**Student:** 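Take this structure, written in structure tokens, and hold onto it; I'll ask about it next.
Atoms within each ligand, like the ligands themselves, are counted from 1 in listed order. Remember, it's a predicted structure, so these values are computed and weren't measured experimentally.
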Amino acid sequence: MTTTASVFTEASTSRFARIKEGGLDLQLHYNDVGQGAETVVMLHGSGPGASGWANFHRNIEPLVTAGYRVILLDCPGWSKSDPVVSEGSRSNLNASALKGLLDVLDLDRVHIIGNSMGAHSTVAFALENPERIGKLILMGGGTGGPSAFVPQPTEGIKLIGALYREPTIENLKKMMNVFVFDASSLTEELFQTRLDNLLARRDHLENFVKSSTLNPKQFPDFSHRLHEISAETLLVWGREDRFVPMDTGLRLLAGLPKAQLHVFNRCGHWAQWEHADTFNRMVLDFLTH
Ligand SMILES: O=C(O)CCC(=O)/C=C/C=C(\O)C(=O)O
């Protein structure tokens, strides 16, 4: 654990753990920041080159300053975690990985913030381990059923697939320009960092393509089981989300007994990044009340 809220970096908080859980035997990478009686886990999305740090670097410090321990898990098949080919439900695979990590870290109960695939995986974890969850924050995901308005796969999901198959800077820019509402906020430095991340692990890229071929439905629909989740849940969506459309958030709102929904205007699939300050305030308020 790091001790100072304001002085931490990806490198200084980088940790590895070996987990054996539900048929998985893997080395997982995670970042461990801050300390406190309560822990918030952050689960990233499925884009090439994603990681806990890449997705949530704008959201760590306010939580740490408020006295939470923050764990950013790199899911199996991303960043510095071990490679994996997923033939079944990737949501459940990630949920098993998280359970394994919590057991190693001796954490009984955590709050979870999940972004896109991370939100799908949070729902899987909550269904399998209801006693291990505090509050849930689901952003641009959760698999509560398909969009009533937008044909699937969405343009963003198609661009993710193209980038996995052909990892070029051109395909990366095409995908990232659709991530956000205001593409002028994306810098060349951000593109380059993300390109470096994804090219560093070509095995992850190849395994994702292999997995999608073996099972195109990596994230099963949990809508028929949402009523089982009794945790307080904050749903956060971008009105202009071109990956996982905003109306799928309404389905989750209808299905999750203790959910509330906040929709950001002028916002794409990366609410925690595009509206970081407001998002951080909302999360802290939700966790403390
Ligand atoms: O296919 C899905 O439903 C999930 C898509 C997804 O997780 C996309 C996430 C993208 C990012 O947040 C990222 O790559 O940073």
Side-chain angles (χ1 to χ4, degrees), residues 42-59 72-79 81 86 89-95 113-124 137-147 150-164 167 171-181 183 185-186 190-191 193-199 201 204-205 208-209 211-212 215-223 235-238 240-249 251-252 267-276 279:
M42 298 183 176
L43 295 178
H44 61 80
S46 71
S51 68
W53 200 268
N55 273 192
F56 293 108
H57 60 271
R58 291 186 168 181
N59 316 110
L72 301 120
L73 168 62
D74 290 342
C75 293
W78 273 270
S79 189
S81 286
S86 164
S89 161
R90 195 184 283 278
S91 308
N92 291 87
L93 188 156
N94 291 338
I113 303 181
N115 172 33
S116 200
M117 171 184 79
H120 308 336
S121 309
T122 300
V123 169
I137 294 145
L138 308 178
M139 239 184 329
T143 38
S147 169
V150 184
Q152 315 275 318
T154 58
E155 58 177 329
I157 298 297
K158 283 192 227 166
L159 290 171
I160 284 189
L163 180 58
Y164 269 111
N171 281 347
L172 173 69
K173 286 187 174 176
K174 277 189 204 158
M175 182 194 78
M176 292 192 74
N177 284 335
V178 172
F179 257 159
V180 291
F181 174 79
S185 60
L186 301 172
L190 186 69
F191 289 133
T193 304
R194 187 79 189 227
L195 187 68
D196 293 346
N197 284 353
L198 71 95
L199 291 179
R201 291 302 299 258
H204 288 339
L205 308 183
F208 188 93
V209 174
S211 304
S212 310
N215 176 20
K217 206 152 173 40
Q218 292 279 309
F219 307 114
D221 181 352
F222 290 127
S223 50
L235 305 165
V236 179
W237 238 272
E240 289 85 10
D241 189 328
R242 291 155 75 178
F243 285 73
V244 183
M246 187 265 285
D247 69 290
T248 58
R251 284 183 177 273
L252 289 164
C267 179
H269 193 52
W270 256 9
Q272 83 285 6
W273 189 86
E274 281 194 280
H275 292 272
F279 175 83

**Student:** Check this for me - ligand 1, P48, N or O atoms closer than 3.5 angstrom, yes or no?
**Tutor:**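 No - when backbone and side-chain N and O of P48 are compared with those of ligand 1, no distance drops under 3.5 Å.
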**Student:** When you look for heavy atoms under 4.0 Å from ligand 1, do you find them on the side chain of M176, its backbone, both, or neither?
**Tutor:**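 Neither; nothing of M176 gets under 4.0 Å from ligand 1.
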**Student:** Does the N or O separation between G45 and ligand 1 drop below 3.5 Å for any pair?
**Tutor:**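 No, G45 has no N/O under 3.5 Å of an N/O on ligand 1.
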**Student:** Out of curiosity, is F219 lining ligand 1, as in a heavy atom under 4.0 Å away?
**Tutor:**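 It does; at least one heavy atom falls under 4.0 Å.
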**Student:** Ligand 1 versus F179, non-hydrogen atoms closer than 4.0 Å: side chain, backbone, both, neither?
**Tutor:**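 The side chain, only.
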**Student:** One residue to check: T143. Relative to ligand 1, which of side chain, backbone, both or neither has a non-hydrogen atom less than 4.0 Å away?
**Tutor:**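 No part of T143 comes within reach of ligand 1.
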**Student:** Would you say E274's side chain and G268's backbone share a donor-acceptor pair under 3.5 angstrom?
**Tutor:**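 Side chain of E274 to backbone of G268, a donor-acceptor pair under 3.5 Å: yes, one is there.
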**Student:** Would you indicate whether the side-chain heavy atoms of W78 and F208 approach each other to under 4.5 Å?
**Tutor:**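 Yes - at least one pair of side-chain heavy atoms lies under 4.5 Å apart.
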**Student:** Can any side-chain N or O of H44 pair as donor or acceptor with the backbone N or O of W53 at less than 3.5 Å?
**Tutor:**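 Not confirmed, H44 side chain does not pair with W53 backbone.
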**Student:** Mind checking the CG-CG spacing from L172 to L195? Nearest 0.5 Å is all I need.
**Tutor:**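 Going from CG on L172 over to CG on L195, the span is 6.0 Å.
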**Student:** Ligand 1 versus H269, non-hydrogen atoms closer than 4.0 Å: side chain, backbone, both, neither?
**Tutor:**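 For H269, the contact with ligand 1 is made by the side chain alone.
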**Student:** Using a 4.0 Å heavy-atom cut-off, which part of S46 comes near ligand 1: side chain, backbone, both, or neither?
**Tutor:**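 Near ligand 1, S46 shows its backbone as well as its side chain.
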**Student:** Please could you name the atoms of ligand 1 that I160 approaches to less than 4.0 Å, counting only its heavy atoms?
**Tutor:**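 Reading through ligand 1 atom by atom, the close ones are 8 (C).
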**Student:** Taking only heavy atoms of I157, which atoms of ligand 1 are found under 4.0 Å from at least one of them?
**Tutor:**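 Selected atoms, number and element: 1 (O), 2 (C), 5 (C).
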**Student:** Would you mind listing which atoms of ligand 1 come within a distance below 4.0 Å of any non-hydrogen atom of M117?
**Tutor:**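 Those qualifying, in numeric order: 4 (C), 6 (C), 7 (O).
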**Student:** Rounded to the nearest 0.5 Å, what's the gap from CZ on F243 to OG on S46? Could you check?
**Tutor:**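 With rounding to 0.5 Å, CZ (F243) is 8.5 Å from OG (S46).
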**Student:** What's the spacing between M246 CE and C267 SG if we round to 0.5 Å?
**Tutor:**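 Reported value, rounded in 0.5 Å steps: 11.0 Å.
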**Student:** Quick one: which of T143, V244, V123, N92 gives a side-chain contact (heavy atoms from CB on, under 4.5 Å) with F219?
**Tutor:**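 In the set T143, V244, V123, N92, the residue that makes a side-chain contact (heavy atoms from CB on, under 4.5 Å) with F219 is T143.
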**Student:** Is it the side chain, the backbone, both or neither of H120 that has a heavy atom closer than 4.0 Å to ligand 1?
**Tutor:**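 Just the side chain.
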**Student:** Nearest 0.5 Å, what's the CG-NE2 distance between L198 and H204?
**Tutor:**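 One finds 11.0 Å between CG of L198 and NE2 of H204.
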**Student:** Checking a contact table here: which protein heavy atom is nearest atom 14 (O) of ligand 1, and how many Å away?
**Tutor:**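 Going atom by atom, the protein heavy atom closest to atom 14 (O) of ligand 1 ends up being R194 NH2, 2.6 Å.
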**Student:** Are H269 and D241 linked by a side-chain donor-acceptor pair shorter than 3.5 Å?
**Tutor:**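 Checked: H269/D241 side chains pair up, N/O donor to acceptor below 3.5 Å.
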**Student:** Counting non-hydrogen protein atoms only, what is the nearest one to atom 8 (C) of ligand 1? Give residue, atom name and distance.
**Tutor:**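 Looking only at protein heavy atoms, the one closest to atom 8 (C) of ligand 1 is S116 OG, 3.2 Å.
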**Student:** Can you pull out the closest protein heavy atom to atom 15 (O) of ligand 1? Residue, atom name and distance to 0.1 Å, please.
**Tutor:**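 Scanning the protein heavy atoms, the shortest distance from atom 15 (O) of ligand 1 goes to N55 ND2, 2.8 Å.
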**Student:** Are S211 and Q218 linked by a side-chain donor-acceptor pair shorter than 3.5 Å?
**Tutor:**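 No, because no side-chain N or O of S211 sits under 3.5 Å from a partner of the opposite role on Q218.
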